[in-house]
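The residues of the chain are indexed from 1 along the displayed sequence. Everything numeric in this text was worked out from a predicted model, so none of it was measured.
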Amino acid sequence: MTRITAPPPPSSPPGSPPPIRHSPAPSTPPSRRRGRHSPSPSLALTPSSASTSSRTKLRPTPKRYAPAQWVPLNSHPAFSRRDGGSGGGAAWDATASRLYAWDPSACGAHRIGVRIRDPEAESDGVVDVTVEAAVPSEMLMPETDLGYMVTHITLNTDGSSLLLVGSHNLSVLYVHERVSEDGNTIICRTVSIASQILPGNSDGIKVLQASWHPFSNNHFAVLTSDAVLRLFDLSSNLEQPEQEFYLQPILPGKCENASAICPVTFSYGSDHLWDRFSVFILFSDGSIFVLCPIVPFGCDYSKKHIQEIYEDVNAFGLKSSNPNVVTNSHLATAWLEATFPDLLHQSTDTNFLMSKAHAYAPIDDSITLQGPLCRVCEESNESVAKSSTCEGKAVGFMYSSVGKDSVLVTAWGSGQLQIDALADEIQPQWNIGIPSRLNVDSYGQIKSVAMICDSNSQDPLALRSHRPSSTGSNVKSNIEAVWMGHSPPLLRLAIVDLALPKTPNDSSLSLFPDPLVPERFYCAHGGGLDMVTLHFLPFSYPEMASTPPSVHPVLTTGNSETSSPFLSGFVTIADAYGHVQLVGITCLGECFVVEMKGWKEPTPLQLDIDSKSIKDMEPPATGMISKELIAGPDPPILPSSSSLKSLTPDSIDGKSTLHHYIKVFHEYYVEYGHKVFIELKEHADYLKTEMEDKQKRLEAVKKSLLSIEAKDGEINKRIDRAFKVYELLEKRIDSFKMLPAANKKPLSQAEQEFKSQLDRFADVELDALRSSIAALSARMKRFAQHSMGGAAGAAVTPWQAPKTGRSHVSESQMSLLKSSLEKLSLLNEENNLKLRLIEHELKNQEQ
């Protein structure tokens, strides 16, 4: 199922491979394309020049575009042996298909464009390489000298910020904010994080883990050795955290050893009810604590998920008869409504799919440090719990959401993996009466929050008295027990022993989830890399209860005696073909690629020695030799040798005994030989039939090969014709691009509406308008002639007196007619203008 690509010796990059089908994600976007020539040796940054207090800004050189060469990723020049010390790390940008690898000798990060070829493609005479890298790559350098060794790097979700983590320092490198560049060397803006909290010396606060929040591009959490979890926001303040949580675990009976309850690492929850607002924290003695709810201010969450949680609280918590359940449910409802005000305005904001988290924290309450999470086996049988404990110190932790289950994996320094699952849902908890410290601005908006998170000392004792019903008969009591304010119990799934050698110091183990198969994760240690697959999950796969996890060694280092890790960076890449590519960087700077084919590993084969296998079953009597003949004749039962020594061959007893043994020999051996002769004689016919069958199949295969070879030439001709047609189509497309209409942009919505009006005018209204204008013009001519003739006929002689009251048209009507004529003339002019405009537009459309 795996194919390991070992790092070959460094060689010159080969030429570009032939055109192939690769991953849809482009290795280098067109908007970020730059020159691919290596910088000159005079401008290359050496370790001595990188140790200065500030870097000299390089003079930008003109960009020259050159096609990139594609080489196997493990043969990239960036992964040659480095002279610097250990450390570094790797990060993967899935959106842009780029790999970031920190180079400790150059104090910079290599940004390598990666493309993934189709693993099913076949090429004659060429080594099948799945993951390829572009040569040359880019080197991202910090703006100023960091002054510390980078041990880990991590990239945010949109690939704009790279977090540089040291043992006592933190910095952020903005990938898209360039100070200067020279060829492939780019100086990026870099800022220091929490320089007042982290003094930077070896005696100060130690950074245990720093990780980006999965639901925000600007927030990341930092766990330090002073047992404080800090959440920073890059968009507001880089020196002071946005949220601070001072962890105060209280373990009854175990407080005499303070070093045993130091925090080790943490992990975010996933998309499962309140798990998305939870942070799981591991302590060195193996105890697991939970902080819920924690939300970065201003991040976006799915409104559908928020509404689901809100309805769950209203349906099961607020309608309970238990006052404690109602109190905790009211606190959760108040937090949801204050953090996500959209819940109260569903009718007006139905068009938005995301809900933005507002800054909120209760003034008189603080979040409870839930835990330590007890296990179901500890509640039922203490002897089982003692026998299933792990040795050493907890060194690694991972949370994974698999279907309906929330799986927690703890790595111990003794080489054991402890796998547990949450038996109930995570719910928010607050310590009532312990106020939080809020920092607000002049408008009353919360800027930062700090709170002391104490654990409930009665929580483990109360949890032991609560045993979840396995039959489901007491569902109501189980639902109310979730909202009683107790931490959820853990269900022990398995303990996996990696069989690492015993060393004076605890081994360093790192856990990595699989991006495609949630039931699968990887564990890196000093002896190599192992893959662990879960087959039993209590809520997702309950039918596989008797199947233990399977462990598959992916690669081994050959040096299993060491406890130090051999990897400085490790990423998992999910390609577009349904496979997972494992890319690892060793402490010496070498790179290896492991291709994991298939979506799921098969269920491990379990052999039952007592049962008969397929080979042990009785074969048919037609072709195969029977087992009795192969086993040989049964040996006869002989008397003791002492009785035979007393007999002589010439005596009667000796002759009878000799005759008896000749008869036994004939019965056991001669008859067996006769059976063998007959069986072999019949078996010869069977072999002859089998050989004839094989010969017929061989001839059929040869005919198939000949037909394939005959079709191969025809297929090649068809491919050549397809290429010619493709070239012809490209030429036609280029000729079409030269047409005047090719540069026209598509019409906007307003232009389309105006075009439909023009079409309507051209079809119906234009003809009606012309006929109306013609009718008005005729009426106006007739009226003008009639008015002139009436005026001539109405003239009177001087001696005749005018006859009053006998006129057909009065003066008022005449004035009204004059005003109507003026209006008609104005309307006629406007219609003429519109008609000219319409004719002009129609001519433009025809052209």
Side-chain angles (χ1 to χ4, degrees), residues 208-209 211 213-215 221 223 227-231 243-251 261-296 309 312-313 328 331-332 335-336 361-362 365-376 378-379 394 396-401 405-410 418-432 434 436 451-464 466 468 481-492:
L208 301 178
Q209 183 185 353
S211 178
H213 200 279
F215 296 100
L223 180 64
V228 180
L229 181 67
R230 296 176 174 90
L231 192 64
Q243 302 178 45
E244 285 181 288
F245 304 96
Y246 293 83
L247 310 178
Q248 299 292 332
I250 300 175
L251 298 178
I261 58 173
C262 296
V264 177
T265 182
F266 70 95
S267 180
Y268 298 106
S270 184
D271 287 333
H272 182 71
L273 294 180
W274 287 94
D275 289 9
R276 60 175 54 87
F277 304 139
S278 303
V279 177
F280 298 83
I281 303 173
L282 176 70
F283 284 75
S284 57
D285 60 344
S287 58
I288 301 173
F289 291 81
V290 184
L291 286 176
C292 179
I294 295 179
V295 174
I309 297 174
D312 180 76
V313 176
N328 292 330
L331 290 174
W335 183 85
L336 285 173
D365 306 325
S366 61
I367 298 177
T368 302
L369 183 62
Q370 304 181 38
L373 303 184
C374 296
R375 294 170 179 84
V376 177
E378 297 178 5
E379 302 171 12
F397 180 73
M398 186 191 72
Y399 169 92
S400 178
S401 179
D405 295 88
S406 298
V407 180
L408 306 177
V409 183
T410 304
Q418 177 182 301
I419 306 174
D420 300 315
L422 292 177
D424 271 332
E425 299 292 343
I426 291 288
Q427 301 295 345
Q429 294 183 22
W430 286 271
N431 287 326
I432 301 175
I434 301 179
S436 303
M451 59 182 68
I452 298 176
C453 301
D454 291 330
S455 62
N456 188 1
S457 60
Q458 301 298 327
D459 190 9
L461 300 178
L463 184 60
R464 292 179 184 274
H466 164 62
V482 172
W483 286 99
M484 284 292 293
H486 305 317
S487 303
L490 294 177
L491 180 62
R492 175 63 55 81

Practice prompt. Mind listing the closest non-hydrogen atom pair of A394 and T410 along with its distance?
Written response: CB-CG2, 4.1 Å
Worksheet item: Which distance, rounded to the nearest 0.5 Å, do you find between the CG of D275 and the SG of C292?
Response: 8.0 Å
Discussion item. Is any side-chain heavy atom of L422 closer than 4.5 Å to one of L408?
Written reply: yes
Worksheet entry | For the student: nearest non-hydrogen atoms of S487 and L373, plus distance | CB-CD2, 3.6 Å
Discussion item. Ignoring hydrogens, what is the shortest heavy-atom contact between A332 and P428? Give both atom names and the distance.
Written reply: CB-CG, 3.9 Å
Practice prompt. Give, for atom CG of L223 and atom OG of S211, the distance between the pair rounded to the nearest 0.5 Å.
Written response: 11.0 Å
Response to the item:
Shortest non-hydrogen pair, D365 vs S436, comes out as O-OG, 2.7 Å
Practice prompt. Check the pair W430 / I367 against side-chain contact (heavy atoms from CB on, under 4.5 Å), numbers first and verdict last.
Written response: CA-CA 4 Å; W430 286 271; I367 298 177; 4.1 Å; yes
Worksheet entry | CD1 (I452) with more than 12 external heavy atoms under 6.0 Å | no
Worksheet, complete the sentence: Closest non-hydrogen atoms of P249 and L369, given as atom of the first, atom of the second and distance, are N-CD2, 3.9 Å
Fill in: pair R276-P214: side-chain heavy atoms closer than 4.5 Å
no
Item to complete: Would you please classify the geometry between the F397 ring and the F280 ring as parallel, tilted or perpendicular, with 30° and 60° separating the classes?
Response: tilted
Fill in: Atom pair CG/CG of L208 and L229 - distance to nearest 0.5 Å
10.5 Å
Discussion item. Could you check whether any side-chain heavy atom of L231 comes within less than 4.5 Å of a side-chain heavy atom of P296, counting everything from C-beta outward?
Written reply: yes
Worksheet item: Relative to each other, are the rings of F215 and H213 parallel, tilted or perpendicular (30° and 60° limits)?
Response: tilted
Worksheet item: Between F289 and F283, how do the two ring planes meet: parallel, tilted or perpendicular, split at 30° and 60°?
Response: perpendicular
Discussion item. To the nearest 0.5 Å, what is the distance between OG on S366 and CG on D454?
Written reply: 6.5 Å
Worksheet item: Is it true that a side-chain atom of Q243 and a backbone atom of V295 form a donor plus acceptor pair closer than 3.5 Å?
Response: yes
Worksheet item: When rounded to the nearest 0.5 angstrom, what distance separates CZ in F266 from OG in S278?
Response: 13.5 Å
Worksheet item: In Å, rounded to the nearest 0.5 Å, how long is the span from CD1 of I309 to CD of Q427?
Response: 9.0 Å
Worksheet, complete the sentence: Heavy-atom nearest pair, M398 first then S267, reads C-OG, 4.4 Å
Worksheet entry | Non-hydrogen side-chain atoms of W274 and V313 separated by less than 4.5 Å | yes
